[in-house]
Novice: 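One structure coming up, written as structure tokens, with questions to follow.
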Amino acid sequence: MSHRTLAIVGASVAGAKAAEAARESGYDGRVVLIGDEAAAPYERPPLSKAVLRGEAEPASTRVHPDGFYDEHDIELVTDRVVAIDSSSRRLALSDGDTLAFDAAILATGAEPRRLAVPGAELEGVRYLRSVDDSNGLRGAIRAASRVAVIGAGWIGSEVAASARQMGADVVLIAPTPVPLGHVLGNEIGEVFRRLHADHGVQLRLGVGVGELRGSGSVEEVVLTDGATEAADLVVAGIGVTPRTEVAGAGCGLAVDNGIVADQHLETNVAAIYAAGDVANAWHPRYGRHVRVEHWANALNQGTTAGRNVAGRREVYDRLPYFFSDQYDLGMEYVGLSSSSDELVVRGDLDAREFVAFWHRDGVVSAAMNVNVWDVVEDLKATITADRPVDPDRLADPKIEIGDVVGATSR
Ligand SMILES: Cc1cc2nc3c(=O)[nH]c(=O)nc-3n(C[C@H](O)[C@H](O)[C@H](O)COP(=O)(O)OP(=O)(O)OC[C@H]3O[C@@H](n4cnc5c(N)ncnc54)[C@H](O)[C@@H]3O)c2cc1C
């Protein structure tokens, strides 16, 4: 065993996969995985789905089985890193200890954006990021007379769906005309609007929240159009911000919408890497820095960072990918579209069984399968081909998706 030390800050999916990958790639120094949550490293997607609804045990979401960290000689430390000195390569923990390191991987993730309206501090206003949040929210939903979900992005939409599935009376409030419109556009967002409406969610769309009112505990949400919605539980899903405190002033690490990293996930300081939700990494495909807030990115970037610490020079150039489950709708999305891309649909929007493609002049930038399965590899191939295809063939269910690129070019 060498005398080197790898410090990994943040013990969730990116951090835990980084530790695993470093060991698998032959890193034989000390590996110290530091996280400020009491639970062993776990994955968050079930926290708004089966775990929230009480259908799965929180422990089922662990990244690794019991004993994994001991078996791989990975030291799990439960503490918060309060500062990193990148020139002396030393980090400070909240209990006063310090740790010298040769290499570090920063995988500190993101945290929910807080509501900034009068009344936001009232009892009964909640956010969802951790397993503790999910456990607390489950009880609160069960006890609530009416749940107001603020924000119709992925977290808001999934919480609204789970709360309805738990039998709660739910109102979903968002400034956008449809749920998820900022990622999927209005036409596909409309599928999600109808999905929630069909399941009995009341929707207040195209309107903001001006204030939360109540005496001690929240009782109503005042909308910017002056209307009010009764609610004794408010869940805000209004986005996240990257947790960059460890790269604070004087640390020497570049921070801009996350910790800035290159295509190897290395920061501006040699042998310090960033991975997962916190990393704003150079993406060779897009020719710019991209920060992705999804599970697969955290898992795969953690793995790449761990391998690179162990001596590889792997480039991270995977297509962004994410998934969501709401009621009986399951979907996956791959790629990165821009709002000016055109939409082509294969399948039936009303039946909620389709594949959507976003393209510019026939070159596909992103695709999404809804209740259609085992097509993601073909969707990726359609995107990475970087060749124009005939949009009519994309829309034609008689042509296999895998054949559209292979057989067609204009
Ligand atoms: C409820 C929920 C549902 C989701 N569902 C989906 C989904 O369906 N599909 C999908 O693709 N993605 C989903 N995501 C997103 C996905 O979970 C995240 O992209 C992923 O968790 C990012 O992993 P990470 O390891 O980068 O960061 P995080 O999971 O945020 O973990 C970072 C860890 O670092 C710790 N930490 C931070 N600062 C310090 C410090 N200074 N010292 C020590 N520890 C520190 C944090 O406490 C945390 O434990 C969901 C997220 C949530 C919250």
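Throughout, numbering of the chain's residues begins at 1 and tracks the sequence. For clarity, every value in this text was computed on a predicted model and none was experimentally measured. Ligands are counted one by one from 1 in listed order, and the atoms in each one are counted from 1 as well.
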Novice: For atom 35 (C) of ligand 1, find the nearest protein heavy atom and state the residue, atom name and distance (0.1 Å precision).
Specialist: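 Ranked first by proximity to atom 35 (C) of ligand 1 is Asp36 OD1, 3.3 Å.
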Novice: Taking the basic N atoms (NZ, or NE/NH1/NH2) and the acidic carboxylate oxygens, is any pair closer than 4.0 Å for Glu293 and Arg129?
Specialist: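 Salt bridge absent between Glu293 and Arg129.
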Novice: Does ligand 1 have a heavy atom under 4.0 Å from the side chain of Asp277, from its backbone, from both, or from neither?
Specialist: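 Contact part for Asp277 vs ligand 1: both backbone and side chain.
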Novice: Polar-atom distance check: Ser48 versus ligand 1, any N or O pair below 3.5 Å?
Specialist: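 Not met; the criterion fails.
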Novice: Going by the atom numbers of ligand 1, which of them fall below 4.0 Å from some non-hydrogen atom of Arg80?
Specialist: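 Answer, ordered by atom number: 40 (C), 41 (N), 42 (N), 43 (C).
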Novice: Less than 3.5 Å between some nitrogen or oxygen of Glu245 and one of ligand 1, yes or no?
Specialist: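 Between Glu245 and ligand 1, no N or O pair is found under 3.5 Å apart.
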Novice: Under 4.0 Å, heavy-atom basis, I'd like to know which part of Ala14 is in contact with ligand 1: side chain, backbone, both or neither.
Specialist: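 Within the 4.0 Å criterion, Ala14 contacts ligand 1 through backbone and side-chain atoms alike.
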Novice: Under 4.0 Å from ligand 1, counting heavy atoms only, is it the side chain of Glu37, its backbone, both or neither?
Specialist: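 The answer is the side chain.
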Novice: Report the residues that fulfil side-chain hydrogen bond (donor to acceptor under 3.5 Å, both in side chains) with Glu266, sequence neighbours left out, ordered by chain and then residue number.
Specialist: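 Applying side-chain hydrogen bond (donor to acceptor under 3.5 Å, both in side chains) to Glu266 gives Arg313.
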Novice: Could you tell me whether some N/O pair between Lys49 and ligand 1 is separated by less than 3.5 angstrom?
Specialist: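 So ligand 1 has an N or O lying under 3.5 Å from an N or O of Lys49.
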Novice: Is the terminal nitrogen or CZ of Arg114 (NZ for Lys, CZ for Arg) located under 6.0 angstrom from the six-membered ring centre of Tyr127 and within 45° of that ring's axis?
Specialist: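 That pair qualifies as a cation-pi contact.
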Novice: Relative to the heavy atoms of Ala107, which atoms of ligand 1 are at a distance of less than 4.0 Å?
Specialist: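 Listed by number with element, the hits are 32 (C), 33 (C), 34 (O).
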Novice: Considering non-hydrogen atoms of the protein only, which is the closest contact for atom 31 (O) of ligand 1, and what is the distance?
Specialist: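 Heavy-atom neighbour on the protein nearest atom 31 (O) of ligand 1: Ser12 CB, 2.9 Å.
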Novice: Under 4.0 Å from ligand 1, counting heavy atoms only, is it the side chain of Ala110, its backbone, both or neither?
Specialist: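 Under 4.0 Å from ligand 1, Ala110 contributes backbone atoms alone.
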Novice: Report the C-alpha distance between Asp36 and Thr78 in whole Å, list the side-chain angles of each, state the deciding distance to 0.1 Å, and finish with yes or no for side-chain contact (heavy atoms from CB on, under 4.5 Å).
Specialist: CA-CA 5 Å; Asp36 62 359; Thr78 305; over 6 Å; no
Novice: Distance-only criterion, 3.5 Å: show the donor-acceptor pairs between side-chain atoms of residues 166-186 and protein atoms not counting sequence neighbours.
Specialist:
residue	atom	partner	partner atom	Å
Asp169	OD1	Gln202	NE2	2.8
Thr176	OG1	Val178	O	3.0

Novice: Select one of side chain, backbone, both or neither to describe which atoms of Arg44 lie under 4.0 Å from any atom of ligand 1, heavy atoms only.
Specialist: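 For Arg44, the contact with ligand 1 is made by both the backbone and the side chain.
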Novice: Between Glu158 and ligand 1, which part of the residue brings a heavy atom under 4.0 Å of the ligand: side chain, backbone, both or neither?
Specialist: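 Answer for Glu158: side chain.
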